[in-house]
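What follows is a single structure, written as structure tokens, with notes after it.
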Amino acid sequence: MGSPVFEISKDFVFSAAHQIRFHGGKCERLHGHNWRVRVHVRASQLNRIGMVIDFADLQKLVAEVGGRFDHQTVNEVPPFDEVNTTAELLARFFYVETARRLEEREAGRVVVSRVEVWENEGSLAVYREE
Ligand SMILES: Nc1nc2c(c(=O)[nH]1)N=C([C@H](O)[C@H](O)COP(=O)(O)OP(=O)(O)OP(=O)(O)O)CN2
Ligand SMILES: [Zn+2]
């Protein structure tokens with residue numbers, strides 16, 4: 001039998017405007033999305049009450065990372081004043097920032113496994129590290 005892995009995820013939704021620099025098409029013009037960010041985290045060992053981490057605590061962590069974007073122009077919010085605002089790069093940002101906070105809180109017991117970012121119902125980018 002393989003070693004056990006538990007995984008949970010939490011969604012965070014924000015509404016914001018952006019434009020994709022150098023796109024060369026319509027997405028270079030300012031437009032908006034209701035972005036959905038799904039952060040998946042995993043652990044081999046559950047906490048003392050049988051959770052990877054409480055959904056509510058994960059929600060707080062992800063909201064700390066993503067709250068800065070809500071009802072803003074993403075291109076004006078660092079680091080996206082210098083980094084392009086693609087779903088791929090937003091996914092990487094949520095991954096790195098959530099991973100840092102989880103490490104501080106859980107000392108390595110819980111790690112981010114992947115981050116999914118939807119720009120709309122049919123357009124998804126995934127970031128993970130191998
Ligand atoms: N690989 C990526 N491609 C595109 C990105 C991206 O982040 N990564 N982003 C965009 C634009 O932000 C655009 O607003 C979204 O594109 P799209 O999903 O094509 O949106 P539409 O509303 O035009 O989609 P339809 O399903 O065709 O209506 C572009 N590409
Ligand atoms: Zn867009």
Side-chain angles (χ1 to χ4, degrees):
M1 201 171 89
S3 50
V5 177
F6 300 92
E7 181 165 312
I8 65 168
S9 70
K10 194 71 198 171
D11 284 13
F12 176 77
V13 176
F14 66 95
S15 304
H18 81 142
Q19 52 108 198
I20 298 194
R21 301 176 191 101
F22 318 118
H23 182 264
K26 64 178 182 178
C27 300
E28 201 161 337
R29 294 198 297 274
L30 191 66
H31 62 280
H33 297 287
N34 294 318
W35 270 272
R36 178 175 295 275
V37 179
R38 181 167 295 162
V39 177
H40 297 254
V41 302
R42 67 168 192 268
S44 297
Q45 284 188 314
L46 299 177
N47 68 14
R48 66 180 173 82
I49 60 169
M51 296 176 176
V52 173
I53 181 175
D54 194 306
F55 287 124
D57 292 332
L58 181 56
Q59 172 67 27
K60 273 187 217 143
L61 285 186
V62 181
E64 266 178 43
V65 176
R68 73 194 75 191
F69 300 119
D70 195 38
H71 287 74
Q72 301 291 338
T73 298
V74 180
N75 299 71
E76 295 173 355
V77 180
F80 294 98
D81 50 343
E82 294 181 349
V83 172
N84 222 356
T85 58
T86 63
E88 291 90 331
L89 292 171
L90 275 160
R92 183 179 68 181
F93 177 80
F94 274 85
Y95 184 107
V96 169
E97 290 298 321
T98 306
R100 191 164 60 75
R101 285 166 171 77
L102 262 183
E103 171 63 33
E104 280 169 16
R105 200 195 127 103
E106 299 291 336
R109 186 184 63 84
V110 184
V111 297
V112 180
S113 48
R114 69 183 190 278
V115 172
E116 302 172 354
V117 171
W118 280 265
E119 282 200 341
N120 56 47
E121 203 178 315
S123 300
L124 165 67
V126 181
Y127 181 81
R128 65 175 186 274
E129 295 184 353
E130 293 176 341

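Counting starts at 1 for both ligands and their atoms, in listed order. Please read all numbers here as calculations on a predicted model, not as lab measurements.
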Atom pair CD1 (Ile8) and CZ (Arg42), whose distance is rounded to the nearest 0.5 Å: 13.0 Å
Region of Thr85 engaging ligand 1 - heavy atom pairs below 4.0 Å: neither
Connected via hydrophobic side-chain network under 4.5 Å: Val13 and Val77: no
Taking atom 14 (O) of ligand 1 as the reference point, the nearest protein heavy atom with its distance: His31 NE2, 2.8 Å
For Cys27, the ligand 1 atoms whose distance to one of its heavy atoms is below 4.0 Å: 10 (C), 11 (C), 13 (C), 14 (O), 29 (C)
Identity and separation of the nearest protein heavy atom to atom 15 (C) of ligand 1: Glu119 OE1, 3.0 Å
His31 NE2 and His18 NE2 subtending at the Zn ion (ligand 2) (10° steps): 90°
Protein non-hydrogen atom found under 4.0 Å from atom 3 (N) of ligand 1: no
Atoms of ligand 1, numbered as shown, that sit under 4.0 Å from any heavy atom of Glu88: 1 (N), 2 (C), 6 (C), 7 (O), 8 (N)
Spacing of OG belonging to Ser15 relative to CH2 belonging to Trp35, to within rounding of 0.5 Å: 9.5 Å
Ligand-side contact atoms (ligand 1) for residue partner Ile20, heavy atom cut-off under 4.0 Å: 5 (C), 9 (N), 10 (C), 11 (C), 12 (O)
Passing option when Tyr95 is tested against Val115, Val65, Val37, Leu90 for side-chain contact (heavy atoms from CB on, under 4.5 Å): Val115
Distance from atom 23 (O) of ligand 1 to nearest protein heavy atom, with residue and atom: Lys26 NZ, 2.6 Å
Heavy-atom protein neighbour under 4.0 angstrom from atom 28 (O) of ligand 1: no
Heavy-atom protein neighbour under 4.0 angstrom from atom 8 (N) of ligand 1: yes
His18 neighbourhood, listing ligand 1 atoms whose heavy-atom distance to it stays under 4.0 Å: 12 (O)
Atom indices of ligand 1 within 4.0 angstrom of Thr86 heavy atoms, with elements: 7 (O)
The Zn ion (ligand 2) to nearest N/O/S of Cys27 below 2.8 Å: no
Test: Arg101 and Glu104 ion pair at under 4.0 Å: no
Shortest protein contact, atom 22 (O) of ligand 1 (heavy atom only): Asn120 ND2, 3.7 Å
Shortest-distance N, O or S atom of His33 relative to the Zn ion (ligand 2): NE2
Ring pair (Phe, Tyr, Trp, His ring centres under 6.0 Å) between Phe69 and Phe93, worked out: CA-CA 12 Å; Phe69 300 119; Phe93 177 80; 5.7 Å; yes
Nearest neighbour in protein (non-hydrogen) for atom 30 (N) of ligand 1: His23 NE2, 4.4 Å
Nearest candidate to atom 18 (O) of ligand 1, where distance is taken over non-hydrogen atoms, out of Gly122, Ser123, Ala87: Ser123
ILVMFWY network linking Val52 to Val111, side-chain heavy atoms under 4.5 angstrom: no
